[in-house]
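Whatever order the structure lists them in is the order used to number ligands and atoms, beginning at 1. When a residue number appears, it is its place in the shown sequence, counting from 1.
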Amino acid sequence: MRAWVVGRPGPMASGPLELVEREVPVPGPGEVLVRVEACGVCRTDLHLAEGDLAPRRPRTSPGHQVVGRVEGTGERVGVAWLRSTCGTCRYCRRGMENLCPRSTYTGWDADGGYAEYVVAPADYVYPLPGNRPAVELAPLLCAGIIGYRALARCDLPPGGRLGIYGFGASAHLTAQAAIAQGAVVHAVSRSAASRELALELGAASATGGPPPEPLDAAILFAPVGELVPPALEALDRGGTLAVAGIHLTDVPVLNYERHLFQERTLRSVTANTRADGRAYLELALAHPPHVMAVPYAFEEADRALGDLAADRVNGAAVLVMA
Ligand SMILES: [Zn+2]
Ligand SMILES: [Zn+2]
């Protein structure tokens, strides 16, 4: 089969992704072999290609928003970021498997979906409907699920004012989920096209920042630590800023009075539990969001990641198998 692998991690201009031929993987006990129809492109894939996240094994295929069919049964499934957890540690036992120290991740600890086939533990794949376009389902699997967890983690009160910093794949789905719950959404993005998309999807404002009113909650999607102080400063008393990404550049020095006092909270979002994934997919399949999918041919994975690195993707990039 054909597969993209991260050769030598580095800037996209250095060509870290290589298209190779390898054997179709053989599923082990409890695993399924999935023929990939489409795989969403996530900023985490870019972090892995560029080396912001250190590789955990050599020449691994990225990709953790896989829509495909189980070989043998034909069942449509989604393969997402969380690949396995131990099930026995204190975090797993208290419903926080996203914090499991022995958790593994698709496209990092094992080959992911930038390939014609992927294997995944059956207990960690999500059933998907057979009649929806793969290109619209793929972004739900990380952009959607992680955004959903970030929305829960930012403690937005009912009808509250939510700031969204960075308006890419995850933000455009999260904004729709928040607006459906009655939130007033203010988008902050340096991209004019993303700001336009935010307004089309129902945001109350979209600016280069700062937002036009104090915020009850905010989510930082851009992997930019310099945005943490202004985002904290834009919170109203008691507000929470959740950082959605797996990687963030260093956060500058904070001033207690300006950034944290009045019970403002800064917190991270770390992966997701399977319960988050099931809850989000149930919601998103019952009330489908408008998915701004930007399709790329499978052979164009390096171009897709290059476009993501250069802020040229408006919506969610998806690799599509011919
Ligand atoms: Zn992701
Ligand atoms: Zn565990």
Rounded to the nearest 0.5 Å, what separates atom CG in L128 from atom CZ in R76?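 Reported value, rounded in 0.5 Å steps: 7.0 Å.
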
Have Y124 and R83 got a donor and an acceptor in their side chains that come within less than 3.5 Å?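 Absent: no donor and acceptor within the cut-off.
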
Write down the atom of Y165, the atom of A218, and the distance for their closest heavy-atom approach.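 Scanning both residues completely, I find the closest heavy atoms to be CE1-CB, 3.8 Å.
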
If we ignore hydrogens and angles and just use 3.5 Å, is the side chain of D109 paired with the main-chain N or O of Y105 as donor and acceptor?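 Side chain of D109 to backbone of Y105: a pair is present.
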
Could you tell me whether a side-chain N or O of D45 sits under 3.5 Å from a main-chain N or O of C42, the two making a donor and an acceptor?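 Side chain of D45 to backbone of C42, a donor-acceptor pair under 3.5 Å: yes, one is there.
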
Of V79, L281, V125, I146, the residue whose pairing with L141 passes side-chain contact (heavy atoms from CB on, under 4.5 Å):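 Among V79, L281, V125, I146, the one that satisfies the side-chain contact (heavy atoms from CB on, under 4.5 Å) with L141 is L281.
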
Quick check on side-chain contact (heavy atoms from CB on, under 4.5 Å): which of V41, T106, L17, L46 does P62 satisfy it with?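 Going through V41, T106, L17, L46 one by one, the side-chain contact (heavy atoms from CB on, under 4.5 Å) with P62 is satisfied by L17 alone.
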
No waters, cut-off 2.8 Å: how many protein N, O or S atoms are close to the Zn ion (ligand 2)?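 There are 4 of them.
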
When you check the space around the Zn ion (ligand 1), which protein N, O or S atoms turn up under 2.8 Å?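 Only C42 SG, H64 NE2, C142 SG fall inside 2.8 Å of the Zn ion (ligand 1).
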
Are V36 and V32 connected into the same hydrophobic cluster when the rule is that any two of I, L, V, M, F, W, Y join if their side-chain heavy atoms are below 4.5 Å apart?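 Yes, one cluster joins them.
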
Specify whether Y148 and Y280 have parallel, tilted or perpendicular ring planes, treating 30° as the upper limit for parallel and 60° as the lower limit for perpendicular.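 Tilted, since the angle between the ring planes falls between 30° and 60°.
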
